[in-house]
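Shown next, in C-alpha cells, is the structure this report addresses.
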Amino acid sequence: MSWFTFPADNLLCRCLGISITCLHVWLTILLVFIITPAVLGVSFGIRRLYLRTLLKIFEWATSRMEKEAKEKNQQLYKPCSNGIIAKEQASSLQQEIQELRGSPSGLPSVPEFELADIFYFCRTGVESILDDEVTKRFSAQELEGWNLLTRSNYNFRHISVRLTVLWGLGVLIRYGVLLPLRVTLAVVGICLLLVLTTLVGFLPNKELRFYLSEKVHLMCYRICVKSLTAIITYHNRENKPKTGGICVSNHTTPIDVIILANDGCYSMVGQVHGGLMGMIQRAMVKSSHHIWFERSEVKDRHLVAKRLSDHVADKTKQPILIFPEGTCINNTSVMMFKKGSFEIACTVYPVAIKYDPRFGDAFWNSSKFGLVSYLLRMMSSWAVVCSVWYLPPMNREEGEDAVQFANRVKAAIAAQGGLVDLIWDGGLKRAKVKDAFKEEQQKLYSEVLVGGQETGD
Amino acid sequence: LAKSCPGQETVTLYLRGVALRGRRPRPAPPSTSPPPASTSHPIKQEDNLTETRLVSHSQITRLYSRFTSLDKGENGTLSREDFQRIPELAINPLGDRIINAFFPEGEDQVNFRGFMRILAHFRPIEDNEKKSVAVSEPLNSRTNKLLFAFRLYDLDRDDKISREELLQVLRMMVGVNISDDQLGSIADRTIQEADTNGDNSISFNEFIKVLEKVDVEQKMSIRFLH
C-alpha cells in the first residue's frame, strides 16, 4: 500500500515503538515493585522512606515561610486548633445564672427573674457564633504547618522563590508521576476484584470458595491501598474482629473501608448503588456474604435489624463492618453513634482510625466534592497515612440500653484515637437541630425562675 | 473611604473587598504593609472605624476565617440561615434575637464589617483602653454592652421596654413551662422594681440603674486567644 512509505510514517512507527517499550518498562516496574508484593503481602519499605523525606521537606518549608514572614514584618496566619476564644469551664445553666445574680447556691423558692439573666444567653449565643463545636467538624481540619499543597495553605501568596519552585516541583511530581501511577493501580485493582470474585463465585466447593475469596479480597484491597499510597499502622491486632460480631468505627471517608478490609475480611453493609459501585457490589456478593439494602428497605428498621441479626448468628459469616455515625466527619471528633447497630445482641469490636493530616486530608466533604473528584484529590496528595487501633471487644451490660452502650463504645474510640467525644448528631451536617434541645434549655431556665416546683401549663 | 495612614488603608480596602458582592477573596491576611508602631492598638483609624481599634490584626484574620466558613453561599455576606446553621445557637432560647442584632434595620444580609461591629461589643474592657482618648465611646464600653442587651429586650427600638416586650422575651426564655399568669406577675414585678418615673416601662437609664451592681464587664465579655 502506497501510504505506508511516507517518511512521517516511519517517524510515527518509531515513536510508537518507543512508547510501547516505555509502557513495557513501566508495567514491569509496576508489576515487580508494586503488584507482586501486594499479591504476596510483602513490603519493601519504600513508602516509609518516602514519608520521612516528605516530613523533612515540610518542616523546611514551614520554617522558611516563618522566616520570610518575619523578615518582611508580616504576620503569618496560624491556624489555631484550640479555637478562637477562651471558653470558660462548661458549667450548667443554673450555675451560671446563680453566679450572675451573686446569690448563694440553691434554687430560689420564690419566682424570681432578673433583667441580668439575659446576659447568660447573650454571651453563650455569641460564643457559639465565634466558635462552635459542630460546624467546624464538617470541613477539613486546618494544619499547623504547610505541606506544599495549595489546598491546605491559608497564607498562599508569593513568599519566596525557593518555596514556589519547590511547590511547583511538588505539583509536577504529584500530577505527573504519582497520579497516573496510582490511577493505573486503582484500575488494575478494581478489575482484578471484579474478575476474580466472579470466577471464585463459580466454584462449587463451599470451603474452597470461602478460602479463595478471602485471599482474593485481601489481595485486591492491598493493591487498592497501594494505589492510594496509604501507609497504615495497625495496633493491637490481637483484638481483631472475629466472626459473629460487629465491627464499629469512626467514619471519615469511604476509604475507611479499604483501610480496614486491607487487614481482614468483613461483610459490608450498605445501600445498593448503580454504575460502577453497583457492579463492584454485585461481584463481591458472588463470592462472600455482604448485606446490601435496596433504598426502600433502608427506612424499615426492623428489616435492617433482622438481616443484621441473622448474619451475625451464622458463625460461618464474617464480622459486619458498620459506621454508626452515618456520615463522614473530619477526623477531629466522634459524633453521635446511631443506636441501631447496638441493639443487636452480639459482641461489638470497636476500631479507631486516625489519619495524619500532614500528608493529605482524607476527609470527604460530600457537600463540596463528588466521589470521583474526591478520589482524584486523594490520589494527587502526597500519601494517606493513618493509624488503626483495634480495641478490646465490648458487650452490652445488664441494665444498659442501646444508647448508653453506644455512648460507651464511642467514648472508648474517642479516647484511643485522640478525638473529641461529641453528643451532637452527624446528621446536623445537612439537617436542622431538633427543637427538643431548645425546649430542654427553656425547661432548665424555667426551673431557675420558679425553683423547680410543679407549675401550671 | 480614602485615608492617609497606610495600615488603616489596607484594612479599609480589605473590608471593602469583602463587602463587595461577587468578589470572593480567599482568607488572606489583610495587610502587606508593616504594622504601625504600637502593637496593642495595631489598627488606628478615625471616624466610623472606631470599632476596628478593638480587634488586633491576627484576630481580624481569624474572624474572617470564621466568617467565610459560615458563609455557605460564598457571596461575602451572611444571611439569617447561615447563623441558624450553628446548632448551639439554634438551641439558644434567645438565638433569634441575637441573630437579629447583627442585621441592620430591614436588611437580611450582613457583611464582614457588620459582623465585626457586633462582635466588638464583646471585647473585654482593658485598662489601657480606658485611659486612651476616644473620639467616641468604644463599642465594648460598659454602657454599650448594656445597650446591646437592652436592645435584645426592646424590639421596636422605642428606647423603652414595655410590658409586652418583656413578656415576649420571658416567653422565649421559658418556653411552655410557665403559665401566662405567672409570667405576667413576674413581668409586673420586674417593671415595678425598675420603673422610677412611673410610665410602666423600663427606659435605658432605669435599666442601667437596676444593673449597676452586676459585673457587666465580665459577664458580657469574650476573651480571644492570641
Side-chain angles (χ1 to χ4, degrees), chain A residues 72-80 82-86 100-102 111-136 139 142 154-157 367 424 428 432-433 435 437-443 445-447 449-450 455-457, chain B residues 26-29 31-32 34-35 57-58 61-63 65-66 69-70 83-95 98 118-119 122 148-149 152-153 169-170 173-179 181-182 185-187 189-190 194 202 207 210-211 213-214 216 219-226:
Chain A
K72 294 192 188 155
N73 216 2
Q74 292 161 12
Q75 270 198 347
L76 266 187
Y77 172 71
K78 278 228 150 182
C80 183
N82 292 340
I84 308 174
I85 52 180
L100 208 55
R101 296 178 181 185
E112 203 180 289
F113 167 71
E114 303 241 344
L115 285 168
D117 287 349
I118 203 176
F119 291 158
Y120 168 74
F121 292 110
C122 201
R123 203 190 72 225
T124 46
V126 178
E127 267 178 2
S128 64
I129 292 179
L130 281 173
D131 191 11
D132 76 303
E133 284 297 320
V134 183
T135 53
K136 64 185 181 191
S139 59
E142 292 189 359
Y154 305 94
N155 282 308
F156 187 65
R157 48 194 173 162
S367 40
W424 295 97
L428 289 172
K432 284 207 147 115
V433 69
D435 283 332
F437 293 105
K438 190 190 244 190
E439 284 157 20
E440 226 179 271
Q441 292 279 306
Q442 287 169 330
K443 193 153 191 297
Y445 182 64
S446 328
E447 280 171 16
L449 273 198
V450 297
T455 60
D457 25 87
Chain B
R26 264 303 276 142
S31 85
T32 49
H57 193 129
S58 68
T61 323
R62 230 170 279 293
L63 280 178
S65 175
R66 175 68 175 168
S69 73
L70 290 175
F83 283 104
Q84 292 281 0
R85 230 176 265 118
I86 305 172
E88 288 165 41
L89 186 63
I91 67 168
N92 189 319
L94 291 179
I98 298 172
I118 301 297
L119 295 177
F122 289 84
F148 186 83
L152 285 182
Y153 283 110
V169 175
L170 278 171
M173 289 201 276
V174 305
V176 300
N177 297 296
I178 298 186
S179 66
D181 299 327
Q182 219 169 356
S185 62
I186 292 176
R189 221 172 26 84
T190 313
I202 307 177
F207 188 73
V210 171
L211 295 174
K213 293 208 185 62
V214 177
V216 177
K219 291 298 171 187
M220 285 276 276
S221 290
I222 298 176
R223 202 166 50 85
F224 277 80
L225 297 170
H226 323 280

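Order of the sequence lines sets the chain letters (A, B, ...), proteins ahead of strands, with each chain counted from 1.
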> So which part of B/I98 gets closer than 4.5 Å to some heavy atom of chain A, the side chain, the backbone, both or neither?
Replying inline: side chain
> Is a side-chain N or O of B/R66 found less than 3.5 angstrom from the main chain of A/L130, in a donor-acceptor match?
Replying inline: yes
> Counting N and O atoms only, with roles assigned by atom type, does the side chain of B/E88 sit under 3.5 Å from a partner on the main chain of A/E133, one being a donor and the other an acceptor?
Replying inline: yes
> Nearest 0.5 Å, what's the OH-CD1 distance between B/Y153 and A/I118?
Replying inline: 4.0 Å
>> Within the 4.5 Å heavy-atom criterion, are A/Y120 and B/K219 side-chain neighbours or not?
In response: no
> In terms of heavy-atom pairs under 4.5 Å, which option from B/M173, B/K213, B/Q84 contacts chain A the most?
Replying inline: B/M173
> Do any N or O atoms from the side chain of B/R85 and from the backbone of A/T135 form a donor-acceptor pair under 3.5 angstrom?
Replying inline: no
> Are B/L211 and A/F119 close enough that some pair of their side-chain heavy atoms sits under 4.5 Å apart?
Replying inline: yes
> What residue, out of A/D435, A/V126, A/V433, has the most heavy-atom pairs lying under 4.5 Å from chain B?
Replying inline: A/V126
>> With rounding to the nearest 0.5 angstrom, report the NZ to CD1 distance, A/K432 to B/I91.
In response: 14.5 Å
> Heavy atoms, side chains only, cut-off 4.5 Å: are A/T124 and B/N92 in contact?
Replying inline: yes
> Which atoms of B/I86 come close to chain A, meaning under 4.5 Å heavy atom to heavy atom: side chain ones, backbone ones, both, or neither?
Replying inline: both
> Among B/I118, B/V169, B/L170, B/L70, which has the most heavy-atom pairs under 4.5 Å with chain A?
Replying inline: B/L170
> In terms of heavy-atom pairs under 4.5 Å, which option from B/G175, B/A194, B/G95 contacts chain A the most?
Replying inline: B/G175
> Picking from A/Q441, A/K443, A/E440, which has the most non-hydrogen pairs under 4.5 angstrom with chain B?
Replying inline: A/K443
> Do B/I202 and A/L115 pass the side-chain contact (heavy atoms from CB on, under 4.5 Å) test, and can you show the C-alpha distance, the side-chain angles, and the key distance before you say yes or no?
Replying inline: CA-CA 11 Å; B/I202 307 177; A/L115 285 168; 4.0 Å; yes
> Going through the checks in order, is the side-chain contact (heavy atoms from CB on, under 4.5 Å) test met by A/Q442 and B/N177?
Replying inline: CA-CA 8 Å; A/Q442 287 169 330; B/N177 297 296; 4.2 Å; yes
>> Any non-hydrogen side-chain atom of A/F437 less than 4.5 Å from a side-chain atom of B/P87?
In response: no
> Taking the side chain as C-beta and beyond, is there a heavy-atom pair between A/C122 and B/M220 under 4.5 Å?
Replying inline: yes
>> Let's go through B/L89 and A/D132 carefully: what are the C-alpha distance in whole Å and the side-chain angles of both, what is the deciding distance for side-chain contact (heavy atoms from CB on, under 4.5 Å) to 0.1 Å, and is it a yes or a no?
In response: CA-CA 9 Å; B/L89 186 63; A/D132 76 303; over 6 Å; no
>> So, taking the atom named CD1 in B/I178 and the one named CD in A/E447, what distance separates them when rounded to the nearest 0.5 Å?
In response: 10.0 Å
